[in-house]
Trainee: 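Sharing a structure with you now.
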Amino acid sequence: MKSRLLVAAVGVPLIFWLILWAPVWALAWALAALSGVAAYELMKCAGATRAGGPLCWLTVAWVLGAVFLQWARPAWLLPLLILYCLLAFGAAVRRAGEVRFHHIMAGFFAVSAIPYAFSSFLRLSGLGLHRAFLLLPLLFSFASDTGAFFAGRSLGKHKLAPRVSPHKTVEGALGGLAANALSGALFALVMNGALDYSIPYLAIALVGLACSVVAQLGDLSFSLIKREFGIKDYGRIFLEHGGVLDRFDSVLFVAPALEVLIHLAGLVQSHG
């Protein structure tokens, strides 16, 4: 419990500072660091740190740079992904029997999906919206998780995906949906009142509902990976909270989805 409180006491103010007030370059470095740790955790989970050390560190280095490329030079990403694949298969050929195909696929997922998801915060910051909108991926991820936890604990009877996550229930999933719709409406209430936005309440509530579906899918997806490789947590960087992939699994799905949904809901033009 003490370690959880310590992580919250340090992490929450730091997150608010990075998102709301820090220079964008500081946010970019923080996102790159999270991406690098997440890539290492995924490679470790897949066993690539033991058998394919060079591939693991190549992946981590690639991910660190990919966050900045996703933000500044997205046109370079495809040729660099092709180059990564060539180097990864080259490592597999050189260390035949040690570097496995699933190590390469874990690396490819790490260098493509993880930096793309985390760099969504940087792309959102370039839309001309108030930086408070960058809190939405976190708000919709954690509100959905919290709503699902309490609804499932008090009302849960029907298992949602027992082979992947035995404790998740249909009632909990519905609680996550409700929590996100409410969180979206409260966010609009604050932004409309304090910063003279005119965010449509129905639109932001629907965005919250969609993000809850995406968040729960992200949570289950990374739980599926953990179950396949027989691990409890991806890491210990956040002490009892686990690793980056344990804490930000939903965010990795919600952030890029929200980037699209903000445009579809017309929120970019909602500043009064």
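The chain is numbered in sequence order, starting from 1. Small disclaimer: the values here were computed from a predicted structure and weren't measured.
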Trainee: Taking the side chain as C-beta and beyond, is there a heavy-atom pair between Thr49 and Trp57 under 4.5 Å?
Mentor: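 Sidechains of Trp57 and Thr49: no contact.
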Trainee: Of the non-hydrogen atoms in Ile199 and Met191, which two are nearest, and what is the gap between them?
Mentor: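 So the two residues come closest at CD1-CB, 3.7 Å.
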Trainee: Evaluate the criterion ring-ring contact (aromatic ring centres under 6.0 Å, His included) for residue pair Phe16 and Trp21; output intermediate values, then yes/no.
Mentor: CA-CA 8 Å; Phe16 272 89; Trp21 300 292; 7.3 Å; no
Trainee: What are the two closest heavy atoms between Ser120 and Arg123, and how far apart are they?
Mentor: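 It is OG-NH2, 2.9 Å.
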Trainee: Using modelled atom types only, decide if a donor and an acceptor are shared between the side chain of Arg131 and the backbone of Leu18 within a distance under 3.5 Å.
Mentor: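 Confirmed, Arg131 side chain pairs with Leu18 backbone.
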Trainee: Are His158 and Glu171 packed together at the side-chain level, in the sense that at least one heavy-atom pair is separated by less than 4.5 angstrom?
Mentor: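 Side-chain contact under 4.5 Å: yes.
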Trainee: Taking atom OH of Tyr201 as the centre, does the number of heavy atoms from other residues, nucleotides or ligands within less than 6.0 Å exceed 12?
Mentor: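 Yes, OH of Tyr201 has more than 12 neighbouring heavy atoms, counting only those of other groups under 6.0 Å.
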Trainee: Heavy atoms, side chains only, cut-off 4.5 Å: are Leu129 and Leu124 in contact?
Mentor: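 They are not in side-chain contact.
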Trainee: Is the number of heavy atoms from other residues, nucleotides or ligands within 6.0 Å of CZ (Arg153) greater than 12?
Mentor: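 No, CZ of Arg153 has 12 or fewer neighbouring heavy atoms, counting only those of other groups under 6.0 Å.
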Trainee: Please report the interatomic distance CG(Asp246) to NZ(Lys232), rounded to the nearest 0.5 Å.
Mentor: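 Going from the CG atom of Asp246 to the NZ atom of Lys232 covers 8.5 Å.
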Trainee: Evaluate side chain to side chain contact (heavy atoms under 4.5 Å, CB included) for Ile231 paired with Lys44, printing each intermediate quantity in order.
Mentor: CA-CA 10 Å; Ile231 64 171; Lys44 183 179 180 182; over 6 Å; no
Trainee: Would you check if the side chain of Gln216 reaches a backbone N or O of Ala173 as a donor-acceptor pair within less than 3.5 Å?
Mentor: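 Such a contact is found between Gln216 side chain and Ala173 backbone.
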Trainee: Taking all non-hydrogen atoms of both residues into account, name the closest pair between Phe248 and Leu138 and its distance.
Mentor: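 Looks like CE2-CD2, 4.1 Å.
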Trainee: Is Tyr234 close to Tyr40 at the side-chain level, that is, under 4.5 Å between some pair of heavy atoms?
Mentor: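 No - every pair of side-chain heavy atoms lies 4.5 Å or more apart.
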Trainee: Ile262 and Val207: side chain to side chain contact (heavy atoms under 4.5 Å, CB included), yes or no, with the steps?
Mentor: CA-CA 8 Å; Ile262 280 179; Val207 168; 5.6 Å; no
Trainee: Going by heavy atoms in the side chains, are Ser250 and Asp145 under 4.5 Å from each other?
Mentor: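 Not in contact.
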Trainee: Does some side-chain heavy atom of Arg247 sit less than 4.5 Å from a side-chain heavy atom of Ile237?
Mentor: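 No - every pair of side-chain heavy atoms lies 4.5 Å or more apart.
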Trainee: Show your reasoning for whether side chain to side chain contact (heavy atoms under 4.5 Å, CB included) applies to Phe238 and Asp233.
Mentor: CA-CA 11 Å; Phe238 297 125; Asp233 294 314; over 6 Å; no
Trainee: How are the rings of His102 and Phe229 set to each other: parallel, tilted or perpendicular (split at 30° and 60°)?
Mentor: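 Tilted, since the angle between the ring planes falls between 30° and 60°.
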Trainee: Over all heavy atoms of both residues, which pair between Phe118 and Leu31 is shortest? Give the atoms and the distance, please.
Mentor: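 Result for this residue pair: O-CD1, 3.4 Å.
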Trainee: Under 3.5 Å, is there a donor-acceptor pair between the side chain of Ser119 and the main chain of Leu122?
Mentor: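 Side chain of Ser119 to backbone of Leu122: no pair is present.
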Trainee: Please examine the side chains of Glu41 and Val244, heavy atoms only from C-beta on, and report whether any two atoms are closer than 4.5 Å.
Mentor: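 In short, these two side chains touch, coming nearer than 4.5 Å.
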Trainee: For Phe133 and Phe187, take the angle between the two ring planes, folded into 0 to 90°, and tell me which bin it lands in: parallel under 30, tilted 30 to 60, perpendicular over 60.
Mentor: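 Because their plane-to-plane angle is over 60°, the rings of Phe133 and Phe187 count as perpendicular.
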Trainee: Would Trp29 and Val67 satisfy side chain to side chain contact (heavy atoms under 4.5 Å, CB included), going step by step from the backbone distance to the final call?
Mentor: CA-CA 9 Å; Trp29 276 106; Val67 171; over 6 Å; no
Trainee: Is there a side-chain contact between Ser165 and Leu220, using heavy atoms and a 4.5 Å cut-off?
Mentor: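 Yes - at least one pair of side-chain heavy atoms lies under 4.5 Å apart.
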